[in-house]
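Note that these values count all heavy atoms, side chains included, but never hydrogens, waters or copies made by symmetry. Throughout, numbering of the chain's residues begins at 1 and tracks the sequence.
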Amino acid sequence: ETITIDDAHIARSPQRASICDECVARSLTAVSLDGTSIPISLVTPSNPRGLLVNAYGSYGVTSHAEFTPEIASLTRQGVAVALVHVRGGGELGPSWHSQARGVNKTRSVEDLSASVSELSGLLKVPARRVIVHGRSAGAWLAAKIATLYSEKIGGLILEAPLLDLERVVPDKTLPLFERERHEWSESPHVLRVLSPNFSRRQLSIDLLAQVPLRDQLVPPDDTLRWVRDFQCHQTPGFETIVSLLPGVDHSGPASRAAIDEWSVAQEIFIKRVIEKNP
């Protein structure tokens, strides 16, 4: 079965010339644990040195593959950039969302794990040069990959991350309580299983975390507790960088200057992860 996501606009973009001359935009698929084909949108130079993987996969939201100046900058530096359309999103209709909701949310994790392996093998990028990025609920997904399949990646970028499901989802005082309960679960056991908790294994992963201090959807203290736990499980020599953003809410920096500053911080982090793993 072949599944196609309409991301041809990447190739048609009037800014296409800004991408490195030898780069290619394409759609492909990975096969998840249960045999489901997972669509992937990819922009890659001919000989990539590293790989940045993005995913969201929650609330039935469709993630669009769009050309951005940030992608152009990364590809010119030899970094392939992928967007994985995992189940839980809305890319292939309501059923695509419902297949990875509640107790079945782990399917999103299986989809991303299979896609990371497929991309790493296809592009011949070593696992230590693979960086997974997620924002909000997408950061939950990225964190689950880091805690369950740490051997597959070398870097983790979390923006305004939803991490402590056991604390956040049951909290009736938070603005989106009903939506969160419908998406994740009302069961404390399911929330415990879904939360990106830590095993005894060491994590040979560098972490960059953006924490908006005025976030009313995800309490910053919960995020910082998770980050401290992550540090306790990191292999010596790997680093955690935390960017505290005063005056910023869950939607992220509002000014162009602040957005650009955060993008540059991500780019520097990605470069460091790749260069430290020759």
Side-chain angles (χ1 to χ4, degrees), residues 32-36 38-39 53-63 84-116 132-150 152 156 158-201 203 209 211-212 215-230 233 249-251:
S32 193
L33 185 64
D34 63 0
T36 301
I38 308 304
V53 182
N54 304 279
Y56 187 75
S58 288
Y59 312 111
V61 172
T62 297
S63 297
V84 181
H85 305 278
V86 301
R87 284 174 288 181
E91 288 85 345
L92 297 177
S95 68
W96 199 247
H97 173 215
S98 63
Q99 286 181 54
R101 189 175 61 80
V103 68
N104 293 321
K105 198 71 179 169
T106 52
R107 288 175 177 164
S108 300
V109 183
E110 294 164 0
D111 295 351
L112 183 56
S113 173
S115 299
V116 168
V132 176
H133 167 272
R135 188 183 189 288
S136 190
W140 163 81
L141 179 57
K144 284 292 283 186
I145 291 297
T147 55
L148 289 177
Y149 304 105
S150 60
K152 294 189 176 188
L156 180 65
L158 306 178
E159 292 189 51
L162 172 60
L163 300 169
D164 191 349
L165 300 181
E166 294 179 81
R167 159 76 176 83
V168 173
V169 174
D171 189 343
K172 295 181 180 181
T173 67
L174 295 177
L176 300 179
F177 167 70
E178 291 296 337
R179 185 189 74 161
E180 303 294 9
R181 186 176 62 168
H182 180 264
E183 179 69 18
W184 304 95
S185 178
E186 296 182 62
S187 164
H189 171 72
V190 172
L191 294 177
R192 188 175 307 113
V193 170
L194 292 179
S195 290
N197 297 320
F198 300 95
S199 65
R200 293 180 180 274
R201 75 168 71 186
L203 303 175
V211 185
D215 195 332
Q216 296 184 356
L217 302 184
V218 180
D221 287 347
D222 293 347
T223 300
L224 294 175
R225 275 195 297 271
W226 188 91
V227 169
R228 285 194 293 269
D229 285 344
F230 185 94
H233 289 81
D249 61 21
H250 192 74
S251 60

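- In this structure, NZ on K144 lies 12.0 Å from NZ on K105, to the nearest 0.5 angstrom.
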Verdict with supporting geometry, T223 and L163, side-chain contact (heavy atoms from CB on, under 4.5 Å): CA-CA 7 Å; T223 300; L163 300 169; 4.3 Å; yes
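- Expressed to the nearest 0.5 Å, how far OG1 of T36 lies from CD of E110 amounts to 9.5 Å.
- Here the shortest heavy-atom pairing between A142 and L158 reads CB-CD2, 4.0 Å.
- Side-chain contact check for V53 versus L112: some heavy-atom pair is nearer than 4.5 Å.
- Atom CG in L217 sits 11.5 Å away from atom CG in D171 (nearest 0.5 Å).
- R87 contributes atom CZ, which lies 13.0 Å from atom NE2 of H97 (distance to the nearest 0.5 angstrom).
- S113 places a side-chain heavy atom less than 4.5 Å from the side chain of I145.
- At distances below 3.5 Å, at least one donor-acceptor pair connects side-chain atoms of W96 with backbone N or O atoms of H85.
- A 4.5 Å side-chain heavy-atom check between S32 and R107 finds every atom pair outside the cut-off.
- For H182, the side-chain contact (heavy atoms from CB on, under 4.5 Å) partners at least two apart in sequence or on another chain are R101.
- Between W140 and W184, the angle of the ring planes goes over 60°, which puts this pair in the perpendicular group of the 30/60° scheme.
- Contact record, P161 with V218: O-CG1, 3.1 Å, taken as the closest heavy-atom pair.
- Not a single ring pair (Phe, Tyr, Trp, His ring centres under 6.0 Å) links F177 to another residue, sequence neighbours left out.
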Y149/V116 under side-chain contact (heavy atoms from CB on, under 4.5 Å): CA gap, chis, key distance, verdict: CA-CA 10 Å; Y149 304 105; V116 168; over 6 Å; no
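- Listed for the E91 side chain is a donor-acceptor partner under 3.5 Å among the backbone atoms of S63.
- Relative to the six-membered ring of Y56, R135 misses at least one condition, a distance below 6.0 Å or an angle of at most 45° to the axis.
- Summarising the geometry of A139 relative to E159, their closest heavy-atom pair is CB-O, 4.2 Å, with the distance given to 0.1 Å.
- Between the side chains of S136 and H250, at least one donor-acceptor pair of N or O atoms lies under 3.5 Å.
- Smallest separation of non-hydrogen atoms from A160 and D215: CB-OD2, 4.0 Å.
- Taken to the nearest 0.5 Å, the CG atom of L141 stands 11.0 Å off from the CG atom of L162.
- With hydrogens and angles ignored, the 3.5 Å screen pairs no side-chain donor or acceptor of T106 with any backbone N or O of V109.
- Judged purely by atom type and a 3.5 angstrom limit, S195 has no side-chain atom pairing as donor or acceptor with the backbone of N197.
- In this structure the side chain of P39 reaches within 4.5 angstrom of the side chain of L92, judged on heavy atoms.
- In this structure, G88 and A100 approach most closely via the heavy-atom pair N-CB, 3.6 Å.
- P219 has its side chain within reach of R167: a pair of non-hydrogen atoms, C-beta onward, lies under 4.5 Å apart.
- Separation of atoms CG (D164) and CG (L191) is listed at 9.5 Å; rounding is to 0.5 Å.
- Counting only N and O atoms by type, the side chains of D249 and S251 include a donor and acceptor under 3.5 Å apart.
- Contact check for V169 versus L174: no side-chain heavy atoms found under the 4.5 Å cut-off.
- Looking at P188 and E166, their side chains never come closer than 4.5 Å, going by heavy atoms from C-beta outward.
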